[in-house]
Protein chains: 2
Amino acid sequence: MAITIKDVAKAANVAPSTVSRVISDSRHISEKTKKKVRKVMDELGYHTNLNARGLVQQSTKTLGVVLKYSESDVWKLGNLFVSEVLQGISAHCHQYGYSIMITTGSTEDEIYGDVVRMVQGKQVDGMIVLYAKKNDKVVPFLLDKAIPFSVVGKPLERMNEIMFVDNDNMQAAKDATDFLIQRNHRQIGFIGDNPTFQVIQDRVEGYYKAFEEHGLQRDASYVKFVHTPEEEGAVVEEFLIMEAKPTALVISTPLQGVGVLKALHKRGIRVPDEISLIVFNKTLITEMSIPVLTTIDTEAFQLGYEASKGVIELINNPNTFKRSVIIPTKIEPGESHRKLTEDNNSVIDVTIE
Amino acid sequence: MAITIKDVAKAANVAPSTVSRVISDSRHISEKTKKKVRKVMDELGYHTNLNARGLVQQSTKTLGVVLKYSESDVWKLGNLFVSEVLQGISAHCHQYGYSIMITTGSTEDEIYGDVVRMVQGKQVDGMIVLYAKKNDKVVPFLLDKAIPFSVVGKPLERMNEIMFVDNDNMQAAKDATDFLIQRNHRQIGFIGDNPTFQVIQDRVEGYYKAFEEHGLQRDASYVKFVHTPEEEGAVVEEFLIMEAKPTALVISTPLQGVGVLKALHKRGIRVPDEISLIVFNKTLITEMSIPVLTTIDTEAFQLGYEASKGVIELINNPNTFKRSVIIPTKIEPGESHRKLTEDNNSVIDVTIE
DNA sequence: CATATTTACGGAAACGTTTGCATAAAACCA
DNA sequence: TGGTTTTATGCAAACGTTTCCGTAAATATG
């Protein structure tokens, strides 16, 4: 059995309560006894039992994090993103002395069970949910239990009751498209995954918006979706047989980016010489590819950091305004784009930027 | 305040102890009262306070995991590996009803502090340490406190007191080299990172061993180390100016693999036409690269799974033999290698496998 | 039918803290 | 000097469980 506060008290000839107050550095204890007690604590190698403290304080200084791992390759990639978000959360938590407990479940229901256990079992003071999705039971549960929590991503409903942190996906897509338009591209394609996701819809909208603001015509035939993994080839094919085929593509995930790169490579089409690519999410993948992909950095670390910040504020003051934080995105130029000559936006006769 | 066991007891007209026994499904309670109590529990929405339980049972059913994130790019890649190990741990933990708490520190000392807090604070029943390294304070601490733990990787000392799970790196490197020798390669280079790591030394040894077993001469000039990130170019250069330049390379990390690929690409050397590559660790990176890299899969998920299994066994029975588990590696053929013709191992006149 | 055994439950201590309340000693004030 | 305030500490309850021990009722035993 480990050393308890009582052992220390006995050895130092004080009451347990005094020891407790020394630990919390209460100002009601004289410096003299503080010194004495601390010395005994050191000698005996005392360490607070956080379980006991948690019980009486009704708080564990621990945050729960809902991780959504998935077997599918599409999500394995997500892990890089998740990793980085987690590091952001970690960084902030550490700063404020919070521990992190993660979900272990792999199915929807298992994860829900984990959350219930953490929350009802009083293992955590608050939660962070990575990725908002449809028909999710977790967020409604947390709302119902009035537990402090924040969401990384945009909640689909009851947005004003929820603290969340996300990128402005519309703006980001608009920026990316602007970036290409400014480099004299006019035929710009958009490739997204599941169009039922709000993220994708926002991005498509931003993409359109860029055209409008430049007084250009929007054209839905340049917007395509890849539904099953590794089907980028088909989409690329569709683009290539178009009359006015795109000189540039905005792509919504790194995985698709690389997929497109592969499909183009197979067809002998060079990037960025013949087509420019700009891809959402700067990850190791995009940095390691040949050529290095030009990306829209979504600042995953920062997303996590802010999410953690929000929850902890909420824990310390439950009346904190449930603000939503928008993390600005940034275009990270790589080697996968180039500028077309001003008077001629064909693929011939170009200047490398 | 939440519903406690006493509330349930009162509402069901039984003693708190009875409720507790119902929860643990004790056979000393009649089916009739079990039914009755369970009904009340449901109605009141009771959930065990795991803090209180942990306090009296001296066990939290939680495992601590020591994560070593790093800012350096070399390690960002590691995150993919870490992610997968973590999933393995998660899978097993979930199966046995264990929660996972992760370290949040980013420096050596911070992480050590996290571990001390978890262990001494009685927040966890056991620990899993990812990556054994030199001058590490964590493992000695855990040994000293006699806490159940396991290590993913090979401990550098006191191996027989420690339960660990690792690959047989010597065998893996030997297999990889064999693989190339069987395909008629004779000039085979080896690229590793920090040669002070045991992993790397083991791999070099395995590499040599393959040569010996085939009755070939070992040649230290074919073994090179990349000390700083992104310096693969220099090493590649060194290889290329050799009189008998290598027709194949064994490379110790995916990051270096891609680095080498880039360096070769820059010099216009085609893979696998002019040189074959085989890389340690199958990750998303190696799968997404062009060409897909032939890899030695180290089964990260399995490493985590077994590590978790070991600790939990150790928790349930402290006398469990501290076995070390060796997870077999597997060669995953990609597109980055080819077979040379049997009578001529020059780069001319070849057959693609 | 009396005694021994089993079954089903209640009472209360224990886990290791924190904290409100009480109080003795010291310090201050008039 | 007597009373009041302040300072420093102790006592005991509370947090929500589990579990040891005791015991009445039910059942089995001879």
Side-chain angles (χ1 to χ4, degrees), chain A residues 1-38 40-41 44-62 97 99 117-125, chain B residues 1-38 40-41 44-62 97 99 117-125:
Chain A
M1 200 88 316
I3 303 295
T4 77
I5 222 170
K6 290 182 185 168
D7 300 324
V8 176
K10 207 159 286 173
N13 259 322
V14 295
S17 48
T18 302
V19 178
S20 175
R21 281 184 258 261
V22 170
I23 294 171
S24 60
D25 201 20
S26 159
R27 60 187 179 79
H28 293 292
I29 302 293
S30 70
E31 278 308 317
K32 208 180 75 183
T33 40
K34 275 187 187 176
K35 287 237 159 70
K36 180 177 68 178
V37 170
R38 288 201 181 111
V40 174
M41 280 177 26
L44 269 55
Y46 169 81
H47 194 289
T48 305
N49 181 319
L50 297 172
N51 253 319
R53 173 182 290 172
L55 182 56
V56 40
Q57 306 212 123
Q58 308 277 38
S59 148
T60 57
K61 294 276 254 171
T62 301
S99 300
R117 181 175 40 67
M118 286 188 196
V119 170
Q120 303 275 59
K122 299 271 184 295
Q123 291 185 295
V124 300
D125 294 350
Chain B
M1 199 89 317
I3 302 298
T4 77
I5 222 171
K6 290 181 185 170
D7 300 324
V8 175
K10 206 159 288 176
N13 259 323
V14 294
S17 49
T18 302
V19 177
S20 175
R21 281 186 258 261
V22 170
I23 293 171
S24 60
D25 202 18
S26 160
R27 60 188 179 77
H28 293 294
I29 302 293
S30 69
E31 278 308 318
K32 209 180 76 184
T33 39
K34 276 187 186 176
K35 287 238 160 66
K36 181 177 65 176
V37 171
R38 287 197 182 115
V40 174
M41 280 177 24
L44 268 55
Y46 170 80
H47 194 289
T48 304
N49 180 318
L50 297 172
N51 253 317
R53 174 183 289 172
L55 182 57
V56 38
Q57 304 209 127
Q58 308 276 39
S59 148
T60 56
K61 292 277 253 172
T62 300
S99 301
R117 182 176 41 66
M118 285 187 195
V119 170
Q120 304 275 61
K122 299 272 184 294
Q123 295 191 108
V124 301
D125 294 351

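Order of the sequence lines fixes the chain letters, A, B, ..., with proteins taken first and strands second; residue numbering starts at 1 for each chain.
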Exercise for the section: State which residues pass side chain to side chain contact (heavy atoms under 4.5 Å, CB included) with B/S20; sequence neighbours excluded, sorted by chain then number. Expected result: B/I5

Problem - Qualifying residues under salt bridge (Lys or Arg N to Asp or Glu O under 4.0 Å), relative to B/R117, sequence neighbours excluded - result: B/D114

Under-3.5 Å N/O pairs linking protein and nucleotides 25-28 of chain D:
none

Completion exercise
Residue set satisfying side chain to side chain donor-acceptor pair (under 3.5 Å) with B/S30, at least two apart, ordered chain then number -> B/T33

Handout entry: CZ on A/R38 to NZ on A/K36, rounded to 0.5 Å
Key = 13.0 Å

Handout entry: Nearest heavy-atom neighbours spanning A/H47 and B/G121
Key = ND1-N, 3.6 Å

Problem - Rounded distance in Å - NZ (B/K61) to P (D/dT17) - result: 18 Å

Fill in the blank from the handout: Stems of at least 3 consecutive Watson-Crick or G-U wobble pairs (donor-acceptor distances under 3.5 Å) involving DNA chain D, listed by first number, are C:1-30 with D:1-30

Handout entry: All side chain to side chain contact (heavy atoms under 4.5 Å, CB included) counterparts of B/T62, not counting sequence neighbours
Key = A/M101, A/Q123, B/T60, B/S99, B/M101, B/V124

Exercise for the section: For C/dG16, take OP1 and OP2 only and decide whether either is under 4.0 Å from a side-chain N or O of B/Q58. Expected result: yes

Exercise for the section: Measure the CD-CG distance between B/Q57 and B/D125 for me, rounded to the nearest 0.5 Å. Expected result: 10.0 Å

Exercise for the section: State whether the side chain of B/T48 and the backbone N or O of B/L50 hold a donor-acceptor pair below 3.5 Å, judged by distance alone. Expected result: no

Problem - Partner set under salt bridge (Lys or Arg N to Asp or Glu O under 4.0 Å) for A/R21, not counting sequence neighbours - result: none

Problem - Close approaches to DNA chain D from residues 46-57 of chain A, in residue order (heavy atom, under 4.0 Å) - result: A/L55, A/V56

Problem - Residues forming a side chain to side chain donor-acceptor pair (under 3.5 Å) with A/N49, sequence neighbours excluded - result: none

Practice task
Determine, stepwise, if the pair B/L55 / B/N51 fulfils side-chain contact (heavy atoms from CB on, under 4.5 Å).
Solution key: CA-CA 6 Å; B/L55 182 57; B/N51 253 317; over 6 Å; no

Practice task
Search all heavy atoms of B/A9 against all heavy atoms of B/A15 and return the closest pair with its distance.
Solution key: CB-C, 3.7 Å

Practice task
Taking only heavy atoms on the protein side, list every residue of residues 6-14 of chain A lying under 4.0 Å from any atom of DNA chain D, sorted numerically.
Solution key: A/N13, A/V14

Problem - Inter-residue atom distance A/I3.CD1 - B/Q120.CD, 0.5 Å rounding - result: 10.0 Å

Handout entry: Partners meeting salt bridge (Lys or Arg N to Asp or Glu O under 4.0 Å) with A/K34 (sequence neighbours left out)
Key = A/D25, A/E31

Practice task
Could you list by number each residue of residues 17-32 of chain B showing a heavy-atom separation from DNA chain C of less than 4.0 Å, or answer none if no residue does?
Solution key: B/S17, B/T18, B/R21, B/R27, B/H28, B/I29, B/S30

Problem - Any side-chain heavy-atom pair of A/I23 and A/Y46 under 4.5 Å - result: yes

